[in-house]
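This report refers to the structure that appears directly beneath it.
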2 protein chains.
Amino acid sequence: MALTTKGRATRQRIIEGAAAYLRSDEPVGVTLDDIRAITGTSKSQIFHYFPDGKEELFLAVARYEASRVLEDQQPHLGALTSWAAWDRWRESIVTRYRLQGRHCPLGTLMGEVGSTPGAREVITTLLGQWQNHVRKGIADMQESGLVRPALDPDRVAAAFIAGIQGGVLVLMSTGSTTHLEAALDTLIAHLRG
Amino acid sequence: MALTTKGRATRQRIIEGAAAYLRSDEPVGVTLDDIRAITGTSKSQIFHYFPDGKEELFLAVARYEASRVLEDQQPHLGALTSWAAWDRWRESIVTRYRLQGRHCPLGTLMGEVGSTPGAREVITTLLGQWQNHVRKGIADMQESGLVRPALDPDRVAAAFIAGIQGGVLVLMSTGSTTHLEAALDTLIAHLRG
DNA sequence: ACCACAGTGGACTCGCCAGTCCAGAAAAAT
DNA sequence: ATTTTTCTGGACTGGCGAGTCCACTGTGGT
């Protein structure tokens, strides 16, 4: 598929429009017609740019959203080299998800194409990169002597990922960030030793 | 609605059949016809016992599954009074979810009727009870002098809930219990101080 | 024996939604 | 200028699945 400038713009408009829709609205039953209406496109355009239909489109949106998840934590996530940096990171996560509220775009996406290998890959990649950053942060702190060396950075980083994911999950049903904050605070306290 | 013995049996058969189906099979698009076929019933029976249709049935199944989640952790969850008990509890959780594999019946249910108040209530209640048990366990340990009193039992219990939920979530996309174990181990290590 | 009401089967409706198709506009290539 | 390819609009199809309806059967009470 050779895209012209106009084509690329349209394709991007569809992805970003769909993402915005998922971020703003209720997640129940997202249809191609919804997206068509929101993005001001026609059926044929959607299938022109995403020949495999819904699944391909939703995967593209999921990738787009996944990249935003990490971007939203920068620059903190990339430089967890002091306790102050960890605190700022913690703050950025809590704020981000508090604003996002009950709607989890990625969660919705997973609900729609959830069990396909492609969908799993998007999530796995995202979580992997996320965990890598945290692991690196812990290792850096160990090198500076701020965290005791006995801790396994990868394992604790995995715990962070789990805690964050779970906190967000709870947020989705309770609407409160209590669990997310508790998980982050407890794990950071554990790092502090 | 006055149910006879036979009626109650049928109703229960539908719920348990649906639950078994969700536990065994892939979660994509569960239809009433699937459940009808699996449970050997007819459309009219489903609507006879669950007048509000899909949502009511799924909520009943969700409640059934939610009660199992806690039962499966007993007797350990109810008596977290020694380090050995915590370890056994940890083991029971990991084993349970390892067996369950990628399919999370409750997750699927939430995907279907996810945003209704009823669905949220089921989840909130389950998580609340779960957290209560853990909080009580931590408080017990503090009373025995096994855990330092400075820790806030409720907050750490919240972190446990988040960690477990997140661990299970990761399990669903990666198929590995690594994160679940890391979360549990790290938090228990934190309790040990 | 009868009757009222719970239980059951399964055909039917009806709307929704992913995906198709084709014809025409715009842009690129020659 | 023409031809080829991409882009766009929108009508149409086909299947699927929730929920309805009605006729029939079992069951328990009197």
Side-chain angles (χ1 to χ4, degrees), chain A residues 1-19 21-22 25-62 108-116 118-119, chain B residues 1-19 21-22 25-62 108-116 118-119:
Chain A
M1 184 197 299
L3 292 182
T4 66
T5 310
K6 192 179 175 190
R8 240 172 294 127
T10 302
R11 192 189 140 99
Q12 198 59 22
R13 194 175 80 239
I14 294 174
I15 293 180
E16 291 180 14
Y21 176 64
L22 289 176
D25 229 342
E26 82 293 341
V28 218
V30 186
T31 74
L32 290 187
D33 253 15
D34 293 338
I35 295 173
R36 193 192 50 65
I38 297 279
T39 58
T41 50
S42 68
K43 244 343 179 5
S44 59
Q45 295 186 66
I46 292 184
F47 282 87
H48 183 65
Y49 294 109
F50 307 94
D52 281 349
K54 198 178 188 179
E55 184 176 328
E56 189 179 351
L57 168 56
F58 279 27
L59 239 47
V61 177
T108 306
L109 259 0
M110 291 306 108
E112 304 282 334
V113 290
S115 58
T116 63
Chain B
M1 182 195 304
L3 292 182
T4 67
T5 312
K6 194 179 175 191
R8 240 171 296 125
T10 302
R11 192 189 140 98
Q12 198 58 21
R13 194 175 80 238
I14 293 174
I15 293 181
E16 290 179 13
Y21 175 63
L22 288 176
D25 229 341
E26 81 292 344
V28 216
V30 186
T31 74
L32 289 187
D33 253 14
D34 292 338
I35 295 174
R36 193 192 49 64
I38 296 279
T39 59
T41 50
S42 66
K43 238 2 176 352
S44 59
Q45 295 186 67
I46 293 184
F47 281 88
H48 183 66
Y49 296 110
F50 306 95
D52 281 349
K54 197 177 190 181
E55 184 175 328
E56 191 180 350
L57 167 56
F58 279 26
L59 238 47
V61 177
T108 306
L109 259 1
M110 290 306 108
E112 303 283 333
V113 289
S115 57
T116 64

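Since we're looking at a predicted model, the values are computed, not measured. Chain letters run A, B, ... following the sequence lines, proteins first and then strands; every chain starts at 1.
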Taking only residues two or more places apart in sequence, or in another chain, which ones meet A:Y21 in a side chain to side chain contact (heavy atoms under 4.5 Å, CB included)? A:D25, A:E26, A:V30, A:D34, A:I38
Between [N] ([atom2]) and [X] ([atom1]): distance, integer Å:
{"X": "B:I46", "N": "C:dA6", "atom1": "CD1", "atom2": "P", "value": "20 Å"}
{"X": "B:F50", "N": "C:dG7", "atom1": "CZ", "atom2": "C1'", "value": "14 Å"}
{"X": "B:L57", "N": "D:dA18", "atom1": "CG", "atom2": "C1'", "value": "12 Å"}
{"X": "B:H48", "N": "C:dA6", "atom1": "NE2", "atom2": "P", "value": "7 Å"}
{"X": "B:R36", "N": "D:dC16", "atom1": "CZ", "atom2": "C1'", "value": "14 Å"}

Side-chain N,O ([X]) to OP1/OP2 ([N]) below 4.0 Å:
{"X": "B:T41", "N": "C:dT8", "value": "no"}
{"X": "B:Q45", "N": "C:dG7", "value": "no"}
{"X": "A:Y49", "N": "D:dT8", "value": "yes"}

I need the single residue from A:I35, A:L22, A:I15 that forms a side-chain contact (heavy atoms from CB on, under 4.5 Å) with A:F58. Which is it? A:I35
Residue list, side-chain hydrogen bond (donor to acceptor under 3.5 Å, both in side chains) with [X], at least two apart or on another chain:
{"X": "A:T39", "value": "A:T41"}
{"X": "A:T116", "value": "none"}
{"X": "B:T4", "value": "none"}
{"X": "A:E16", "value": "A:Q12"}

Its contact letters, B for base, S for sugar-phosphate only and - for none at protein heavy atoms under 4.0 Å, make nucleotides 16-30 of chain C read -SBBBB----S----
